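All remarks here apply to the structure that follows.
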Protein chains: 2
Amino acid sequence: MSYSVVVVDDHILLSQAIGGLVDGFDKFSVLYICKNGQELVEKLKNPKNIPDIVLMDVNMPIMNGIEATSTLYKEYPQVKVLALSIEEDENVILKMLRAGAKGYLMKDVKKTELENALLELMEKGYYHTNTVAKVLVDSLSGKESSLDSLKERELEFIRHACTEKTYKEIADEMFLSPKTIEGYRNSIFEKLNLRNRTGLVIYAIKHKIFIP
Amino acid sequence: MSYSVVVVDDHILLSQAIGGLVDGFDKFSVLYICKNGQELVEKLKNPKNIPDIVLMDVNMPIMNGIEATSTLYKEYPQVKVLALSIEEDENVILKMLRAGAKGYLMKDVKKTELENALLELMEKGYYHTNTVAKVLVDSLSGKESSLDSLKERELEFIRHACTEKTYKEIADEMFLSPKTIEGYRNSIFEKLNLRNRTGLVIYAIKHKIFIP
DNA sequence: GTAGAATAAAGGGTTTTTCCTATTCGTAAA
DNA sequence: TTTACGAATAGGAAAAACCCTTTATTCTAC
């Protein structure tokens, strides 16, 4: 008897390939493959489709890995989610773990490390690389991410700021006075320690507030 | 007897997984796997290591897919390069094809399409999806990419512009007068049809001139 | 009820960016 | 030898961005 694994990844070639790898492991076999979180949620409605492990990509269209993991964790907490991503952004890793992922692997791991991770996941209930451990320690040592301190209206402004619009134009679109927009900008600059709009754009793109 | 395939990709898990898929195909088998272009070039020095096909990732550290393909095409034109990438940027696709790639696959293809591509590659000598065909047609219909019209010094300026530096500071770092920098900026704005620096930053990131 | 956040907005000043036109200087082509 | 061109540069001016301080208003907590 082997543990069942579901692969969720929008890059079909990759998911199939990873599925192939997993099928090659002694104690694991692939139950099925999904293209996004939505598809997974649908599938799980049938009890026969509930696996031991979900290998979950983080960046997916329709329903991304974070939402999917979160849903999964609420409804089927016994299913262990192992995140698999090229994403090394601290905040993404944290969000994934908070959503209930039991482990986080970078996509550049070796085949043997994947097998090892799966084994440890079933034995200990979790698996974490050094990178992830470091992120966790950092996050515990106080400092809430400055990103989390941004409010919804501020995020909306930032997305506008990542265009060629002037602040005046942004103010019009957000139905606010240009002076209010300046206020938003100034408080964001201070919170994120930025000097000017260029810095803000780079920050927004780095932290996926705005995706070009 | 089966055709030999080399996989070049910096994401080790992916390259091993794709290798596994290829080994599963009837007429193909994996010769070896490389982490980047440099490693491939080294390997090829031994005639025993020259494969029929190279499955080449485009985004790699050290020596990327475009450089690697270009080198390969000069020294071993009989080797067929099939580019494999998540990149859908027109310019990247074009550069890869100009470098001598015989095909370009998005990483979200299905297993069967990969096999089909490999077979067609050996039979016809090339394989192109509809997406790639469209890009090719577009590129032929005149309009050289505005990106290509940017000169080296301009690109250097753009990378500086993607920071929090003022133009004055950029001028200092490039040992030019602030007025010259203004000249650069204005001609770039016109060439790329931009209104302001924010637009330039977004453009630079979209077209991989600057990677955040 | 009232102090204190949090949100929206204004006044007014400085710096940077944006835009337009024009000059110099070297190099390459006619 | 002109002519033409591109790269570097300047002056001037308007627009936008940046910065600091202050003021209503609302909502919330004590």
Side-chain angles (χ1 to χ4, degrees), chain A residues 91 142-207 209-212, chain B residues 142-207 209-210 212:
Chain A
N91 278 297
K143 57 158 186 178
E144 46 140 7
S145 157
S146 44
L147 199 154
D148 290 327
S149 71
L150 294 173
K151 315 185 199 339
E152 196 39 57
R153 200 81 171 138
E154 285 178 330
L155 290 172
E156 199 186 329
F157 159 71
I158 292 176
R159 280 184 279 268
H160 280 292
C162 291
T163 68
E164 292 193 319
K165 291 195 266 272
T166 66
Y167 290 129
K168 168 91 184 55
E169 288 166 341
I170 295 172
D172 285 347
E173 288 202 33
M174 290 181 69
F175 301 107
L176 291 170
S177 140
K179 280 296 181 180
T180 308
I181 290 297
E182 279 194 46
Y184 277 43
R185 181 201 55 201
N186 291 341
S187 84
I188 290 170
F189 279 4
E190 199 182 353
K191 271 196 259 192
L192 304 181
N193 212 251
L194 301 170
R195 283 179 67 186
N196 51 39
R197 187 161 165 179
T198 304
L200 178 58
V201 172
I202 304 288
Y203 182 95
I205 290 170
K206 260 193 193 156
H207 294 82
I209 295 169
F210 173 79
I211 292 146
Chain B
K143 60 156 185 181
E144 46 142 7
S145 155
S146 45
L147 201 155
D148 290 328
S149 70
L150 294 173
K151 316 185 197 336
E152 197 39 59
R153 200 81 172 140
E154 286 178 330
L155 290 171
E156 199 186 330
F157 157 72
I158 292 177
R159 280 184 280 268
H160 280 292
C162 291
T163 69
E164 294 195 315
K165 290 194 266 270
T166 65
Y167 291 127
K168 167 91 186 56
E169 288 166 341
I170 295 172
D172 285 347
E173 288 201 35
M174 290 182 70
F175 302 106
L176 291 170
S177 142
K179 280 297 181 180
T180 308
I181 290 298
E182 279 192 44
Y184 277 42
R185 182 202 54 205
N186 291 340
S187 84
I188 291 170
F189 278 3
E190 199 184 352
K191 269 195 261 194
L192 305 181
N193 212 250
L194 302 170
R195 282 178 69 186
N196 52 38
R197 186 161 165 181
T198 303
L200 178 58
V201 172
I202 303 289
Y203 182 95
I205 290 170
K206 260 192 194 156
H207 293 81
I209 295 169
F210 173 78

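So that the names make sense, note that chain A is the first sequence line, chain B the second, and so on, each numbered from 1. All of these numbers come straight from a predicted model, not from anything done at the bench.
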Mind checking side-chain hydrogen bond (donor to acceptor under 3.5 Å, both in side chains) for A:E156 and listing every partner two or more places apart, or none if nothing turns up? A:R153
Under the side chain to side chain contact (heavy atoms under 4.5 Å, CB included) rule, collect the residues that match up with B:E164, sequence neighbours excluded. A:L194, A:R195, A:N196
B:E173: partners by side chain to side chain contact (heavy atoms under 4.5 Å, CB included), with sequence neighbours left out: B:H160, B:K165
Set of side chain to side chain contact (heavy atoms under 4.5 Å, CB included) partners for B:E190, sequence neighbours left out: none
Length of the CD-P vector between B:E156 and D:dA8, whole Å: 11 Å
For A:E190 and D:dC18, what is the distance between atoms CD and P respectively, to the nearest whole Å? 15 Å
Rounded to the nearest Å, what distance is computed from the CZ atom of residue A:F157 to the P atom of nucleotide C:dA9? 14 Å
Going by the rule side chain to side chain contact (heavy atoms under 4.5 Å, CB included), which residues pair with B:P178 if we only count those two or more places apart in sequence or in a different chain? B:K168, B:A171
With sequence neighbours excluded, tell me which residues meet salt bridge (charged side-chain N to carboxylate O under 4.0 Å, His left out) with B:R197. none
Pairs satisfying salt bridge (charged side-chain N to carboxylate O under 4.0 Å, His left out), at least one member in residues 198-207 of chain B, at least two apart: none
Value in whole Å for how far the C1' atom of C:dA9 lies from CD1 of A:I181: 11 Å
Of A:R185 and B:S177, the one whose closest nucleotide on DNA chain D sits nearer the 5' end is B:S177
Please list, in numerical order, the residues of residues 164-173 of chain A that have a heavy atom closer than 4.0 Å to any atom of DNA chain D. A:T166, A:Y167
Using OP1 and OP2 only, check whether a side-chain N or O of A:T180 sits under 4.0 Å from C:dT7. no
Output one line per pair: protein atom, nucleotide atom from nucleotides 20-29 of chain C, and distance, for all N/O pairs under 3.5 Å.
none

Heavy-atom side-chain proximity of B:L176 to B:F157 below 4.5 angstrom: no
Whole-Å distance between D:dA17 C1' and A:I188 CD1? 15 Å
Would you mind reporting whether A:I158 and A:Y184 have side-chain heavy atoms less than 4.5 Å apart? no
Rounded to whole angstrom units, what separation is found between the NZ atom of B:K191 and the P atom of D:dG6? 10 Å
Between D:dC20 (C1') and A:F189 (CZ): distance, integer Å: 15 Å
Angle between terminal axes - the helix from C:dG1-D:dC30 to C:dA30-D:dT1, 5 pairs each end, rounded to 10°: 30°
To the nearest 0.5 Å, what is the distance between NZ (B:K151) and NZ (B:K191)? 3.5 Å
Any side-chain donor-acceptor pair under 3.5 Å between B:E169 and B:T163? no
Roughly how many Å is it from CZ in A:F175 to P in C:dA9, rounded to a whole number? 12 Å
Partners meeting side-chain hydrogen bond (donor to acceptor under 3.5 Å, both in side chains) with B:S177 (sequence neighbours left out): none
Can you list, in residue-number order, the parts of residues 193-200 of chain B that come under 4.0 Å of DNA chain C, counting heavy atoms only? B:R195, B:N196, B:R197
What contact category does B:Y184 fall into here, base, sugar-phosphate, or nothing, at under 4.0 angstrom with non-hydrogen atoms? sugar-phosphate
Minimal heavy-atom distance between B:I205 and A:P212, with the atoms involved, is CG2-CG, 3.9 Å
Smallest separation among heavy atoms of B:T198 and A:C162, with atom names: CG2-C, 4.1 Å
